[in-house]
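The block underneath contains the structure these notes are about, expressed in structure tokens.
Note that this is a predicted model, so its numbers are computed, not measured. Numbering of ligands and ligand atoms starts at 1, following listing order.
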Amino acid sequence: MNTILITGGAGFIGSHVVRLFVEKYPDYAIYNLDALTYAGNLENLKDVEKASNYTFLKADICDAETIQSLFKKYRFNKVIHLAAESHVDRSITDPLAFLKTNVLGTINLLNAAKSIWKNDFSNKLFYHVSTDEVYGTLGESGLFTETTSYNPNSPYSASKASSDHFVRAYGETYGLPYIISNCSNNYGPNQFPEKLIPLFIHNILQNKSLPVYGNGNYTRDWLYVIDHAIAINIVFHKGKISETYNIGGCNEWKNIDLVKLLCKLMDVKINKAEGSSERLITFVKDRPGHDLRYAIDATKIRHQLGWKPRVTFETGLSNTIDWYLQNKEWLNNVTSGKYQEYYKKQYATN
Ligand code: NAD
Ligand code: DAU
């Protein structure tokens with residue numbers, strides 16, 4: 001029997017992880033703890049909210065006392081920690097928010113686990129979900145492996161690197177059983193439209209310009225979110241304690257090529273004349289400290305745990321567009337109010 005705390009389960013990746021666990025493991029008790037920030041949305045979990053093995057807990061991981069009392073009350077034996085501030089651009093305008101949630105929030109969870117589990121670590125696990133951005137940037141060639149040195153360049157990646165270090169340090173110092181995974185760029189249904197793919201889908205639907213940073217020659221390794229959720233499930237059940245696993249799509253795209261492909265697909269799906277979406281592309285001021293290229297070597301998880309991505313980029317991107325077209329209400333709800341202020345501020349100088 002597992003009593004699992006999943007943090008950040010109302011967010012993009014977290015909601016897919018929660019759904020997978022709730023549906024696949026009726027015998028586990030799944031607790032989704034989320035502060036419901038701008039990025040958290042319980043609409044993402046409407047289909048599983050009534051499941052008997054699922055409970056939602058609204059709480060902030062920065063609130064140490066509440067976190068401690070929830071650990072005491074529910075006796076979680078395993079944690080999958082995804083709650084975070086996750087958008088690089090926001091970290092550039094407000095680094096402190098990233099330090100608070102990503103670093104202090106993680107330490108609060110580690111402290112609660114350590115004090116409730118005491119020294120009985122049998123059948124316990126603290127699984128920290130992290131990012132490939134901790135490794136910094138690659139040049140035109142090479143891949144990130146699990147032994148690549150950390151070299152974070154943005155406040156977001158610095159905060160995630162710091163949280164990774166704290167998780168590892170609690171393992172070394174107190175014996176806390178942990179696993180970390182570092183994943184590449186995710187895309188798919190339910191992603192908040194501040195990230196490249198959903199932002200551009202939304203802008204095309206609104207006939208708004210598509211702000212490509214710099215010259216667009218930046219490369220990311222894209223993975224369909226459900227493939228990431230499947231990887232998390234495999235790492236959670238089969239991963240070795242104190243190990244790190246890199247997760248990636250083996251699917252590198254230069255931003256400008258990806259955006260052009262997205263534009264072509266959108267033209268077809270919303271019956272626009274060929275080339276109309278592409279005409280919305282506007283090259284704008286670059287992101288400060290913009291990492292040139294991320295790409296993951298996923299050999300370890302592939303060979304040791306038998307995971308590999310299942311969804312091709314063509315299928316994943318097409319599914320993603322279809323999801324946004326079929327969920328316009330979701331999109332409208334998350335892009336009203338505060339989103340408008342964020343958008344004006346972020347893209348004003350462009
Ligand atoms: P997201 O921004 O969509 O969701 C984050 C969730 O965390 C939201 O539901 C939000 O309400 C919650 N949250 C934020 N601050 C909180 C707090 N103080 N207390 C409790 N809950 C809080 O993020 P995502 O893209 O789903 O990313 C999830 C995790 O995966 C993050 O840790 C991120 O660093 C990591 N990651 C993301 C990607 C990606 O491409 N999106 C890739 C690799 C790793
Ligand atoms: O690599 C994993 C990381 O991927 C995760 O840890 C982060 O949480 C996630 O946000 C993502 O970070 P990126 O910065 O790579 O994702 P984003 O969607 O913000 O940007 C992808 C690329 O597109 C990047 O090179 C910047 C560029 N971009 C982005 C936006 C929002 C633009 O050109 N224009 C834009 O408006």
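- Looking only at protein heavy atoms, the nearest one to atom 9 (C) of ligand 2 is S86 O, 4.0 Å.
- In terms of polar-atom proximity, defined here as any N/O pair under 3.5 Å, I61 does make such a contact with ligand 1.
- When only non-hydrogen protein atoms are considered, atom 11 (C) of ligand 2 lies nearest to N185 ND2, 3.4 Å.
- Within ligand 2, the atoms closer than 4.0 Å to a non-hydrogen atom of V88 are 14 (O), numbered from 1 in the order shown.
- The protein heavy-atom contact nearest to atom 29 (C) of ligand 2 is Y213 CE1, 3.6 Å.
- When hydrogens are left out, the protein atom nearest atom 27 (C) of ligand 2 is N255 ND2, 3.4 Å; that is the closest non-hydrogen contact.
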Taking it one step at a time, do H237 and Y25 satisfy ring-ring contact (aromatic ring centres under 6.0 Å, His included)? CA-CA 12 Å; H237 287 97; Y25 303 108; 4.8 Å; yes

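- For ligand 1, none of its N or O atoms has an N or O atom of E194 under 3.5 Å away.
- Of the polar atoms of L196, at least one N or O is found under 3.5 Å from an N or O of ligand 2, judged by distance alone.
- Heavy-atom distances between Q346 and ligand 2 stay at or above 4.0 Å for every pair.
- Of the protein's non-hydrogen atoms, the one nearest atom 38 (C) of ligand 1 is I13 CD1, 3.5 Å.
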Checking R90 against Y38 for the side-chain hydrogen bond (donor to acceptor under 3.5 Å, both in side chains) test, could you report, in this order, the C-alpha distance in whole Å, the side-chain angles of both residues, the deciding distance, and whether it holds? CA-CA 12 Å; R90 289 185 194 253; Y38 79 92; 3.1 Å; yes

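- Under 4.0 angstrom from ligand 1, the non-hydrogen atoms of T101 all belong to its side chain.
- Ligand 2 has a nitrogen or oxygen under 3.5 angstrom from a nitrogen or oxygen of R220.
- Residue contact check: D60 has heavy atoms under 4.0 Å from atoms 17 (C), 18 (N), 19 (N) of ligand 1.
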Using the rule given for side chain to side chain contact (heavy atoms under 4.5 Å, CB included), can you reason through E329 versus E43, listing the C-alpha separation, both sets of side-chain angles and the distance that settles it, and then say yes or no? CA-CA 11 Å; E329 200 181 321; E43 289 295 312; over 6 Å; no

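- Relative ring orientation between H87 and Y342 is described as perpendicular, the plane-to-plane angle rising above 60° on a 0-90° scale split at 30° and 60°.
- Taking only nitrogen or oxygen atoms, main chain and side chain alike, P211 reaches within less than 3.5 Å of ligand 2.
- Nearest non-hydrogen protein atom to atom 4 (O) of ligand 1 is G11 CA, 3.5 Å.
- Summarising the geometry of I197 relative to Y187, their closest heavy-atom pair is CD1-CB, 3.7 Å, with the distance given to 0.1 Å.
- When each atom of ligand 1 is checked for a heavy atom of N185 under 4.0 Å away, the hits are 40 (O).
- Under the 30°/60° scheme for interplanar angles, the aromatic rings of Y213 and Y347 are found to lie parallel.
- Note: F313 and W253 meet the aromatic proximity criterion, with ring centroids under 6.0 Å apart.
- Every atom of ligand 1 with a heavy atom of S86 under 4.0 Å away is listed here by number and element: 1 (P), 2 (O), 23 (O), 25 (O).
- Taking the six-membered ring where the residue is Trp, F98 and Y156 present perpendicular rings, their angle passing 60° and hence far from 30°.
- Contact between E194 and ligand 2 is present, with at least one heavy atom of the residue lying under 4.0 Å from the ligand.
- In this structure, G105 has no heavy atom closer than 4.0 Å to ligand 1.
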Take Y31 and F76 through the ring-ring contact (aromatic ring centres under 6.0 Å, His included) test and state the conclusion after the steps. CA-CA 9 Å; Y31 291 86; F76 313 119; 5.5 Å; yes

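- Checked against a 3.5 angstrom limit, the closest N/O atoms of D34 and ligand 1 fall inside it.
- Polar contact with ligand 1: absent for E85 (N/O pair, distance under 3.5 Å).
- Note on K46 versus E49: salt bridge recorded, some NZ/NE/NH1/NH2 to OD/OE distance being below 4.0 Å.
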Decide side chain to side chain contact (heavy atoms under 4.5 Å, CB included) for E85 and K100; before the verdict, give the C-alpha distance in whole Å, the side-chain angles of both, and the deciding distance to 0.1 Å. CA-CA 9 Å; E85 288 293 339; K100 283 184 189 150; over 6 Å; no

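- Annotation: H228 places no N or O atom under 3.5 Å from an N or O atom of ligand 1; distance criterion only.
- The protein non-hydrogen atom at the shortest distance from atom 3 (O) of ligand 1 is F12 N, 3.1 Å.
- Taking only nitrogen or oxygen atoms, main chain and side chain alike, S184 does not reach within less than 3.5 Å of ligand 2.
- Between Y156 and ligand 2, at least one pair of N/O atoms sits closer than 3.5 Å.
- Residue A59 has at least one heavy-atom neighbour below 4.0 Å for each of these atoms of ligand 1: 19 (N), 20 (C).
- The ligand atoms of ligand 1 that sit less than 4.0 angstrom from a heavy atom of L36 are 11 (O).
- N186 N, 2.9 Å is the protein heavy atom nearest to atom 40 (O) of ligand 1.
- Among the atoms of S130, none of the N or O lies under 3.5 angstrom from an N or O of ligand 1.
- Counting only heavy atoms of the protein, atom 1 (O) of ligand 2 lies nearest to D132 OD1, 2.5 Å.
- If you check which protein heavy atom lies closest to atom 24 (C) of ligand 2, you get H290 NE2, 3.5 Å.
- Of all protein heavy atoms, the one closest to atom 43 (C) of ligand 1 is C183 O, 3.3 Å.
- Counting heavy atoms closer than 4.0 Å to ligand 2, residue E133 contributes side-chain atoms (C-beta onward) but none from N, CA, C or O.
- In terms of protein heavy-atom proximity, atom 31 (C) of ligand 1 is closest to L82 O, 3.2 Å.
- Counting atoms of ligand 1 from 1 in the listed order, those under 4.0 Å from a heavy atom of Y156 are 33 (C), 34 (O).
- Geometrically, K208 engages Y343 in a cation-pi contact defined by less than 6.0 Å to the ring centre and at most 45° from the axis.
- Considering S159, A84, S184, C62 only, the shortest heavy-atom separation from atom 14 (C) of ligand 1 involves A84.
- Atom numbering of ligand 1 starts at 1 in the shown order; those under 4.0 Å from a heavy atom of K160 are 31 (C), 32 (O), 33 (C), 34 (O).
- For the pair Y347 and ligand 2, the shortest N or O to N or O distance falls below 3.5 Å.
- With ligand atoms numbered from 1 in the order given, ligand 1 contributes 30 (O), 32 (O) to contacts under 4.0 Å with heavy atoms of V129.
- Between the choices K195, Q191, R287, the shortest heavy-atom distance to atom 19 (O) of ligand 2 belongs to R287.
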The test is side chain to side chain contact (heavy atoms under 4.5 Å, CB included); show your working for Y135 and S149 and say whether it passes. CA-CA 6 Å; Y135 299 122; S149 339; over 6 Å; no

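- Looking only at protein heavy atoms, the nearest one to atom 21 (N) of ligand 1 is A35 N, 3.1 Å.
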